[in-house]
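What follows is a single structure, written as structure tokens, with notes after it.
Chain naming here is simple, since letters A, B, ... match the order of the sequence lines and numbering starts at 1 in each. Because the structure is a prediction, the values reported are computed rather than measured.
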Amino acid sequence: MLEVQDLAVNYRGVVAVENISFSLAPGQIVGIIGPNGAGKSSLIKAILGLIPVQQGRVTFRSRALSRQLAQVAYIPQRAQIDWDYPITVQNVAMMARIRHTGLFRAPSRQSKVIVQNALERVGMWELRHRQIGELSGGQQQRVFLAQALAQEAELFLFDEPFVGVDKKTEAMIFEVFDQLKTEGKILLVVGHELREASREYDRFLLINKKLIANGSRSEVITPENLQQAYGDNVIFLTRNSDL
Amino acid sequence: MINLLLEPLSFEFMRNSMIIIILLGILCAVTGSYLIVQRMGLLGDVIAHAVLPGLAIAFYLGIDIFLGAFISGMFSTLVIAWIQSQSKVKVDVAMALVFSGFLALGILLITLLESRIDLHSFLFGDILGVTIADVWRTFLITLSVLIFVKIFYSHLLFYTFNRLGAQAIGLPVNWIHLGLVSAITLAIIASMQAVGVVLVVSLLVGPGITAYLLVKELHQMMGLGAIIGSLSGITGIYLSYYFNVPSGAAIVLVVTGFFLLALFFSPSQGILTRPQLIKQFPKGGFRNNL
């Protein structure tokens with residue numbers, strides 16, 4: 001169970017997240033949706049303690065999440081990564097094992113097997129010696145998916161994982177999501193566009209600074225809720241998306 | 001030919017400067033690689049100039065000037081981080097201001113304290129003036145920085161590649177940052193005497209960025225960078241010896257020469273040698289698509 005209570009974030013005097021509370025049971029894929037600038041990324045960063053929060057508490061399995069970060073896999077937005085960084089596919093995935101590897105040691109045999117399995121799972125093992133800059137956008141996203149898998153986390157936070165991704169990768173990401181869900185993990189996924197509000201998700205959090213709706217697809221994606229979140233743009237949005 | 005190379009080594013000052021430039025080539029390539037991958041090359045320049053107030057104060061108080069330089073250089077990075085975190089001022093402008101502010105303060109202090117610090121050698125260095133004590137200090141700094149990097153290599157890799165990710169997984173990012181900045185500051189202080197603060201940034205980022213165009217992993221970049229840096233240093237000193245030109249400038253120009261070679265001729269990324277983009281266009285080439 002992930003519980004978020006009264007979480008609030010101010011960013012240099014501007015309200016980014018306003019008193020958001022919710023709780024999530026294991027084995028769910030949860031979409032965080034809302035307009036641009038609604039504080040979706042800020043919300044997951046605040047959950048992880050990556051940005052200062054004004055107030056609020058985040059607990060996972062009844063203990064403060066900040067004390068069990070090894071249980072959390074976080075995949076940042078594409079734009080936050082320098083794709084020209086001199087690093088290979090395999091070593092990006094191996095980073096997930098850092099908490100399991102001693103300072104003076106090379107990664108264990110077990111870690112290597114886990115990383116190999118993760119890369120094979122997303123179809124990237126053959127390309128393990130490539131520099132990440134030599135990959136397509138979809139392949140790059142799959143490397144990060146492999147990193148998340150190799151971490152063997154309980155809680156997964158993805159910030160816009162579908163941006164710049166091909167259909168094949170999108171399908172593969174949802175496949176992995178489904179598998180993680182059946183293993184009882186919790187997945188929080190920030191969506192970029194409303195059209196991603198597909199049937200793959202079990203639950204949605206619709207936010208615009210504050211939490212507007214929280215529930216199943218039919219409970220959350222209603223004209224009233226969307227009007228409240230998106231304002232007047234909602235007519236345009238609903239007409240152009242296959243909701 | 002052999003004689004040309006060996007003759008200068010009969011002088012002790014030449015031997016000292018050769019040893020020190022090899023050490024600096026290694027030290028600067030390793031620490032400078034971290035500046036490069038964080039897109040913080042200018043930070044090297046900032047720290048190099050920001051050591052001056054510390055030098056002046058330490059000199060006045062009669063304490064070790066290297067300690068003064070270290071504290072002053074570290075302090076400048078804290079000021080930059082503080083400005084960044086407390087306002088919307090971006091890092092490049094913060095660095096530019098802190099850079100000139102600290103340098104100006106240093107110049108002022110040198111005058112006010114009637115210090116006998118030689119500004120010219122601070123700015124441009126004098127590698128032929130190094131002593132055996134300088135060699136030992138540089139050796140110890142290089143050794144400790146290499147040990148630090150070896151132990152924390154995967155932490156530093158994670159931190160510089162994906163800072164938020166490193167923080168999210170619970171790595172002590174503030175300590176990692178502090179360690180990294182300390183290592184860079186130490187490298188700069190060690191290089192100050194050899195090439196001077198104006199040129200130190202070239203030794204820090206030049207060999208690393210040259211290697212960056214040739215390899216695909218950070219540790220390879222450090223290794224190849226260390227070879228390029230040391231080789232440039234040695235070549236520069238020979239040039240300086242035989243053509244009677246300033247050693248710091250000679251070293252920097254050799255570094256720059258290597259970079260230009262890689263920029264044009266790197267097998268994978270060289271401007272003249274990389275696989276041609278024209279292949280992406282259908283037969284007939286780019287022009288037909290206009």
Item to check | Residue among B:Arg163, B:Gln86, B:His155 with most heavy-atom pairs under 4.5 Å to chain A | outcome: B:His155

Next on the checklist: Taking every non-hydrogen pair under 4.5 Å, which of B:Ser87, B:Ser154, B:Ala166 racks up the most with chain A?
Outcome noted: B:Ser87

Checklist outcome for this item: Note: vs chain B, highest number of non-hydrogen pairs under 4.5 angstrom among A:Ile81, A:Leu157, A:Ile132 is A:Ile81

Checklist entry - Is the backbone N or O of A:Val165 less than 3.5 Å from a side-chain atom of A:Thr169, with the two atoms forming a donor-acceptor pair by type? => result no

Checklist entry - So, for B:Val255 and B:Pro207, which heavy atoms are closest and what is the spacing to 0.1 Å? => result CG1-CD, 3.9 Å

Item to check | Modelled atom types, side-chain donor and acceptor of A:Glu120 and A:Gln116, under 3.5 Å | outcome: yes

Item to check | Part of A:Ile75 within contact of chain B (heavy atom distance under 4.5 Å) | outcome: neither

Checklist entry - Counting N and O atoms only, with roles assigned by atom type, does the side chain of A:Gln28 sit under 3.5 Å from a partner on the main chain of A:Asp202, one being a donor and the other an acceptor? => result no

Next on the checklist: Can you tell me which portion of A:Gln68 sits under 4.5 Å from chain B's heavy atoms? Options are side chain, backbone, both or neither.
Outcome noted: neither

Checklist entry - What part of A:Ile98 lies closer than 4.5 angstrom to a heavy atom of chain B: side chain, backbone, both or neither? => result side chain

Checklist entry - Is it true that a side-chain atom of A:Thr88 and a backbone atom of A:His129 form a donor plus acceptor pair closer than 3.5 Å? => result no

Next on the checklist: Is it the case that the side chains of A:Glu183 and A:Gln179 hold a donor-acceptor pair, with the cut-off being a distance below 3.5 Å and no angle test?
Outcome noted: yes

Item to check | Region of B:Val173 in contact with chain A, defined by heavy-atom distances below 4.5 Å | outcome: neither

Next on the checklist: Only heavy atoms, only distances under 4.5 angstrom. Which residues in residues 23-47 of chain B are near chain A?
Outcome noted: B:Val37, B:Arg39

Checklist entry - With only heavy atoms counted, which part of B:Ser268 is less than 4.5 Å from chain A, the side chain, the backbone, both or neither? => result neither

Next on the checklist: Taking A:Glu134 first and then B:Lys216, would you say they form a salt bridge - that is, a charged N and a carboxylate O separated by under 4.0 Å?
Outcome noted: no

Item to check | Proximal component of A:Ala96, with respect to chain B [non-hydrogen, under 4.5 Å] | outcome: backbone

Checklist outcome for this item: Minimal heavy-atom distance between A:Val72 and A:Ala153, with the atoms involved, is C-CB, 3.9 Å

Item to check | By side chain to side chain donor-acceptor pair (under 3.5 Å) - contacts of A:Gln80 (at least two apart) | outcome: none

Checklist entry - Parallel, tilted or perpendicular: which fits the ring planes of A:Phe144 and A:Trp83, with parallel below 30° and perpendicular above 60°? => result perpendicular

Checklist outcome for this item: When the 4.5 angstrom heavy-atom criterion is applied to A:Leu50 and chain B, the contacting part is both

Checklist entry - Are the aromatic rings of A:Phe177 and A:Phe158 close, with centres under 6.0 Å apart? => result yes

Next on the checklist: Quick check on the interface: out of A:Arg67, A:Met95, A:Met94, who has the most heavy-atom pairs with chain B under 4.5 Å?
Outcome noted: A:Met95

Next on the checklist: Does A:Phe22, at its CZ atom, have more than 12 non-hydrogen atoms belonging to other residues, nucleotides or ligands within less than 6.0 Å?
Outcome noted: yes

Next on the checklist: Does any backbone or side-chain atom of B:Tyr212 lie under 4.5 Å from a heavy atom of chain A? Answer side chain, backbone, both or neither.
Outcome noted: side chain

